[in-house]
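Below is one structure, written out as structure tokens; comments come after it.
Please read all numbers here as calculations on a predicted model, not as lab measurements. Below, chains carry the letters A, B, ... as their sequence lines are ordered, and counting in each starts from 1.
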Amino acid sequence: MAAMRAALAAPRGLVRFFCTNSATSSPLSFVPPPAAAAATSARQMAEPNTNLFVSGLSKRTTTERLREEFAKFGEVVHARVVTDRVSGYSKGFGFVKYATIDEAAKGIEGMDGKFLDGWVIFAEYARPRPPPSGPVNNAPPYYGGQ
DNA sequence: CGTGAGCGC
């Protein structure tokens with residue numbers, strides 16, 4: 001039952017499963033309108049990055065689990081399940097950073113749309129994160145420890 | 001509501 005629920009929780013790009021595309025192709029030739037040419041889905045595509053954004057995680061899926069699962073597709077430099085600061089529970093998504101982009105791609109293709117802890121997870125390239133450029137910037141903004 | 005969209009301190 002998690003699959004159908006996951007279909008609703010699909011952030012973007014769940015159409016690929018339903019990409020049966022029974023588009024009635026013009027028997028003569030395909031004449032793509034200039035306006036509707038790139039109007040297909042020029043959505044915000046995250047550029048290839050070593051950082052992966054994993055969503056659809058279960059509430060009890062922890063960082064260990066995330067890393068263990070994604071480590072099978074490459075060397076996970078860092079993995080983290082985002083948890084709330086006050087509640088302390090998982091927000092339902094996390095981040096996985098691979099050593100190289102190649103491994104990141106494998107991790108996405110290997111874990112995107114797969115099950116984890118009973119829930120369908122979605123992996124994609126994470127967005128570039130704005131560094132905490134504050135007035136006092138001496139502390140390492142990135143992951144210092146393991 | 002740990003019943004579910006989204007991006008991390």
- [ ] Answer whether the closest heavy-atom distance between the side chains of Val76(A) and Tyr98(A) falls below 4.5 Å.
- [x] yes

Task: Gap between atoms CG and P, on Leu116(A) and dG2(B) respectively (whole Å) - done: 19 Å

- [ ] Pick base, sugar-phosphate or nothing for Arg85(A), based on heavy-atom distances below 4.0 Å to the nucleic acid.
- [x] sugar-phosphate

Task: Nucleotide dG6(B), atom C1' - distance to OH of Tyr125(A) in whole Å - done: 19 Å

Open item on the list: Just the rounded figure in Å: distance from P of dT3(B) to CH2 of Trp119(A).
Closed with: 7 Å

Task: Position toward the 5' end of DNA chain B (nearest nucleotide), Lys59(A) or Val54(A) - done: Lys59(A)

Task: Minimum side-chain heavy-atom gap Thr61(A)-Trp119(A) below 4.5 Å - done: no

TODO: Can you see which heavy atom on Glu68(A) is nearest to which on Lys72(A), and at what distance?
DONE: O-CG, 3.5 Å

- [ ] Evaluate the side-chain proximity of Phe53(A) to Arg127(A): yes if any heavy-atom separation is below 4.5 Å, no if none is.
- [x] no

Task: Spacing between Ile121(A) atom CD1 and dA5(B) atom P, to the nearest angstrom - done: 17 Å

Open item on the list: Measure CZ/Arg65(A) against P/dG2(B) and give the value in whole Å, please.
Closed with: 21 Å

TODO: Would you mind classifying the nucleic acid contact of Leu57(A) as base, sugar-phosphate or nothing, using non-hydrogen atoms under 4.0 angstrom?
DONE: base

Task: Value in whole Å for how far the C1' atom of dG6(B) lies from CG of Asp84(A) - done: 14 Å

TODO: Give a yes/no answer on whether the side chain of Arg80(A) brings an N or O atom under 4.0 Å of OP1 or OP2 in dG8(B).
DONE: no

Open item on the list: If the test is side chain to side chain contact (heavy atoms under 4.5 Å, CB included), which one of Val81(A), Val120(A), Leu116(A), Asp117(A) qualifies with Ser58(A)?
Closed with: Asp117(A)

Open item on the list: For a quick check of understanding: with a heavy-atom distance under 4.0 Å over all strands, which category does Gly56(A) fall into, base, sugar-phosphate or nothing?
Closed with: base

- [ ] When you get a sec, tell me which of dC7(B), dC9(B), dG2(B) is the closest nucleotide to the side chain of Tyr89(A)?
- [x] dG2(B)

Open item on the list: Let me spell it out: for each of Gly92(A) and Ala126(A), pick the nucleotide of DNA chain B with the closest heavy atom. Which residue's pick is nearer the 5' end?
Closed with: Gly92(A)

Task: Residue Phe53(A), side-chain atoms from C-beta onward, closest of dG4(B), dG8(B), dG6(B) - done: dG6(B)

Open item on the list: Between P on dC9(B) and CZ on Arg129(A), what's the gap in Å once rounded to a whole number?
Closed with: 7 Å

Open item on the list: From the set dG4(B), dG6(B), dG8(B), return the single nucleotide nearest to any side-chain atom of Ser58(A).
Closed with: dG4(B)

Open item on the list: Expressed as a whole number of angstroms, how long is the span from Lys91(A):NZ to dG2(B):C1'?
Closed with: 15 Å

